[in-house]
Novice: 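Take this structure, written in C-alpha cells, and hold onto it; I'll ask about it next.
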There are 2 protein chains.
Amino acid sequence: MVTIKDVAKQANVSIATVSRILNNQPGYTEKTRMKVQQVIEELGYKPNAVARSMISRNTQTIGVLFPDVSSMLSSEILRGIEDVAHQNNSSVIVCHTAEDGIRTHKYLKLLHEKRVDGLIFVSESLCEEYYETIKSMDIPLVLVSTMSYKHQVPYVKVDDCNAAYTAVNHLIENGHTRIGMISGNQHDLIAGRPRVEGFKEAMQHNGLQAGEDDVVYQDGFSFIDGKGGVVRLLEQSRNLTAIFAASDDIAIGAMSVLHKMGRKVPEDISIIGYDNLPTAEMMIPPLTTIAQPFSEMGANASEMIFHMLKDKVKSTQSRIMRHELVVRESVKKL
Amino acid sequence: MVTIKDVAKQANVSIATVSRILNNQPGYTEKTRMKVQQVIEELGYKPNAVARSMISRNTQTIGVLFPDVSSMLSSEILRGIEDVAHQNNSSVIVCHTAEDGIRTHKYLKLLHEKRVDGLIFVSESLCEEYYETIKSMDIPLVLVSTMSYKHQVPYVKVDDCNAAYTAVNHLIENGHTRIGMISGNQHDLIAGRPRVEGFKEAMQHNGLQAGEDDVVYQDGFSFIDGKGGVVRLLEQSRNLTAIFAASDDIAIGAMSVLHKMGRKVPEDISIIGYDNLPTAEMMIPPLTTIAQPFSEMGANASEMIFHMLKDKVKSTQSRIMRHELVVRESVKKL
DNA sequence: TTAAATCAAGTAAACGTTTACGTTGGATTA
DNA sequence: TAATCCAACGTAAACGTTTACTTGATTTAA
C-alpha cells in the first residue's frame, strides 16, 4: 500500500508538504503542488482514513441500531439516514439487534471501540442499561420512531396519538360509527398505547362509544397479528362497519382473512392502516392509511447528529414529524 | 477518553503488559492480570479499534453497495450479510449508489480510504471502471444477484434461466398452454434476458409456442412496470390463460390492473411471480412465485469474503443458490 | 555452586497521518 | 549594508496500539 511517505519521496518534498497539499492548506508553490498531484496520480495514492482518525479523533462514521434491518420500515429509515450521512462525508454502520439484549450490548461495545462519532437508535425502547453504556461513550445519540420518558434523549417521531386520531376521524367523517381497532402490543408504551388512545379520543370527541370490546390487542404489528386480530375483533365486537389497524401489516392481514370470509373491503367493511408502506398502495383495494415519512425521519435524525457534532453541543431539539392521511380505496363513504 | 496508558499507570505496569492481557497472550502473573482487569473496569477502558487497525492493517469492516437500500430485496440481503459479518466480529458499512456513477465512485473512494477489508456489490452490473478501481484496492470482492461476464469475480446468484423455466413449467403442468410473460429490462443481461430465455425454453421443451408477441419488455421490475406491462401484454397477445411475471412487483402490478379490469386471478387468468418478497404471501390471492433465498445469498457472500480474508486467497468459488417454487393461490389448474 | 534456562515485565519502534515549530533564503525595509 | 520579514518548506512529536527485543530475577540442571 502506498503511503504519504512514498509520495513525498517520489516528489522530493517532505511529508508535511504533501499533507498540506492534500488538505489544501497554504505553504507551497503552485509548481510543487502540480508535481505532488502528479505523483499522487501516478502512484494511485489514497490517504489512509484510519491514520487520520487517530489524529483528528473522529471517524466520520455513525452507527445505527435496528431491531430488524430487513423490515420495510427500517430500510426506508436507513435510506434517509445514509443519505444525509453521505452528504456529511460520513459512513453508516448498520447493526441488527434482533431485540436481543446480549447482541445489542455486543454492538454497543463494538461501536464504542470503533469510536463512531454518533449513534442512532431505531424503533426500540432505550432501556436503562443501554442508556448508561451509550452515555459513557459520550457521543451524540438520537432516537427514531421511539423515545424515552426517563431520559432527555432527542428523538424524531410522529405523534402517534394524534395520527391515530386522524385515522379514526377519517372513518367517522365518512359516516362510520361502529368502529373497531386492532392494536399492536398493549405494553408498548411508545407505539402501542398512544394509538389506542388516539382511537378512543377520536371516538369520544365525536360522541361515539368505544368500549374495551372494540379494541383487540395483539403481540406485535405483523401480518399474522392482523390475521389473528380481525378474527378476535369480529367475534367480540358486533356490527362493525370499519376497522382501524395499528399498522399496514395488520391491516393487510385483516384484509386477507376478510376476503377469505367473503366480506368485501370496502363494500362490506372499511379498513384504514398506519405506516403507508410501499405495499399499501399495491393492495387490492389500495389501502387508505396514515403515512409516516420514514426516510425523512431518518434524514432528520442524521441531521440532528451532525448538528450536534458540528456545534459541539450535547443535545438538540426533538422533532415531531407530520403524519399524513393517504386516501385510497379501502374506506367507503356511508 | 481513557487510554491504555492510563490503565498502565493506574495499575503500575507497562502498557505492554496491559496489551498482553487484553489480547490474552502469555507473560504475566495471575495477580497482575487481576489487578489490570480491575483497573480496566474502574476506568471503563475500551481499547481503541482505530489504533489497532493502524497496526493490524485491517479494519474489521466490509462495505456493501446497493443500487437501492430501501428495496425489500436489498434489505433481506443486507440482513444476511450483516449477520455473518457480525459472527466474524466485523461491521458493515452500507452505501446507496442510486445507480449513479459519480456517487458510486465517491463511495468506492471513501471505502478505499477507510480501508475496508472487503467489498460486496449487490444487484448492479460491475462496469469496467468500477472493476478497475476495486482491483486497485486489492481486497476481496463478491457480487450478489449479479455477475460479470468479462471478469472472474466470484458471485452468488440463482440461475435465472433455470428458475424462470421452473416457473413456466409449473404453469404448463397446470394445463396452461397460452402463456405470456412480462419481462423486465430487455438490455439487462443478468436478470432480464435469462428469465426470458427460461420462459422460451420451457415453452419449446413442451412443444408450445412462444412468439415475440407473448412477451412484453418493461423498463424495470417495479409495480408500475407490472401495471403497464399487463395492459400491453393483453393487447398484443390474445387468449392468455397465464402470465409469468419477471418479478413479484410486476406480478402484483399486473394483478392490480387485472382486478380493475374485472378479470379474476386465478379464476380468469393465472399469474406466477418471481422473488418471493414478503408481500407475495400477503396478496389477495397469495401469489405463487419463485423464491430467491435473499438473506442466505447475503450470508453466503459474507462467508465468501471472510473465507478469502482468512485464507489469504484472491478469489473463491461462485455459488449458484437453489431457487424454490412456492405454490400459493394465484395459479389455477385447468 | 554455578551456568543455563525460563519467565514476568519493561523499552522502544512501528503503523500513516497532522501540525506546532524551526529553518532557510530571498525580498523588503530602514 | 544590515536588519527584518515572510513564504516555502522541513523536522519531529503526537495520536493509541502491538510486538520484537531487552532486562533482571528466579528456577533448573549439572
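Here the structure is a predicted model, which means the values were calculated and not measured. Letters A, B, ... are given to chains in the order of the sequence lines, protein chains preceding strands, and every chain is numbered from 1.
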Novice: Just checking B:T32: base, sugar-phosphate only, or nothing, at a heavy-atom cut-off of under 4.0 Å?
Specialist: sugar-phosphate
Novice: Knowing that exactly one of A:L65, A:I77, A:V69 qualifies, which makes a side-chain contact (heavy atoms from CB on, under 4.5 Å) with A:V122?
Specialist: A:I77
Novice: Sequence neighbours excluded, which residues qualify as side chain to side chain donor-acceptor pair (under 3.5 Å) partners of B:E76?
Specialist: none
Novice: Once you build an axis from the first five pairs and another from the last five of the helix from C:dT1-D:dA30 to C:dA30-D:dT1, how far apart in angle are they, to 10 degrees?
Specialist: 50°
Novice: The criterion is side-chain contact (heavy atoms from CB on, under 4.5 Å); which residues satisfy it with B:T316, sequence neighbours excluded?
Specialist: B:P154, B:M304, B:H307, B:M308
Novice: Taking any heavy-atom pair under 4.0 Å as a contact, classify A:V13: base, sugar-phosphate, or nothing.
Specialist: sugar-phosphate
Novice: Return the set of residues passing salt bridge (Lys or Arg N to Asp or Glu O under 4.0 Å) with B:K310 (not counting sequence neighbours), or none when no residue passes.
Specialist: none
Novice: Donor-acceptor pairs under 3.5 angstrom involving side-chain atoms of residues 293-303 of chain A: please list them, not counting sequence neighbours.
Specialist:
residue : atom : partner : partner atom : Å
A:N300  : OD1  : A:R319  : NH1          : 2.5
A:N300  : ND2  : A:E296  : O            : 2.8
A:S302  : OG   : A:I81   : O            : 2.9
A:E303  : OE1  : A:R319  : NH1          : 3.4

Novice: Tell me which donor-acceptor pairs under 3.5 Å the side chains of residues 134-142 of chain A have, and how far apart each pair is, sequence neighbours excluded?
Specialist:
residue : atom : partner : partner atom : Å
A:S136  : OG   : A:T133  : O            : 2.7
A:D138  : OD1  : A:K314  : NZ           : 2.5

Novice: Could you work out, with salt bridge (Lys or Arg N to Asp or Glu O under 4.0 Å) as the rule, every residue matching B:K150, not counting sequence neighbours?
Specialist: B:E128
Novice: Take nucleotides 23-28 of chain C nucleotide by nucleotide from the 5' end and write B, S or -, depending on whether a protein heavy atom sits under 4.0 Å from the base, only from the sugar-phosphate, or from neither.
Specialist: ------
Novice: Show me the side-chain donor-acceptor pairs of residues 34-47 of chain A shorter than 3.5 Å, one per line, residues at least two apart or across chains.
Specialist:
residue : atom : partner : partner atom : Å
A:Q38   : NE2  : A:E42   : OE2          : 2.8

Novice: Kindly state each residue pair satisfying salt bridge (charged side-chain N to carboxylate O under 4.0 Å, His left out) with at least one member in residues 98-109 of chain B, sequence neighbours excluded.
Specialist: A:E82-B:R103, A:D83-B:R103
Novice: Mind checking if B:D6 touches a base, just sugar-phosphate, or nothing, with heavy atoms under 4.0 Å?
Specialist: nothing
Novice: Determine, for nucleotides 13-19 of chain D in 5'-to-3' order, which nucleotides have protein heavy atoms under 4.0 Å from the base (write B), from only the sugar-phosphate (write S), or from neither (write -).
Specialist: -BBBBBB
Novice: Can you list the residues that meet the side-chain contact (heavy atoms from CB on, under 4.5 Å) rule with A:D68, with sequence neighbours excluded?
Specialist: A:S70, A:S71, A:H96, B:R79
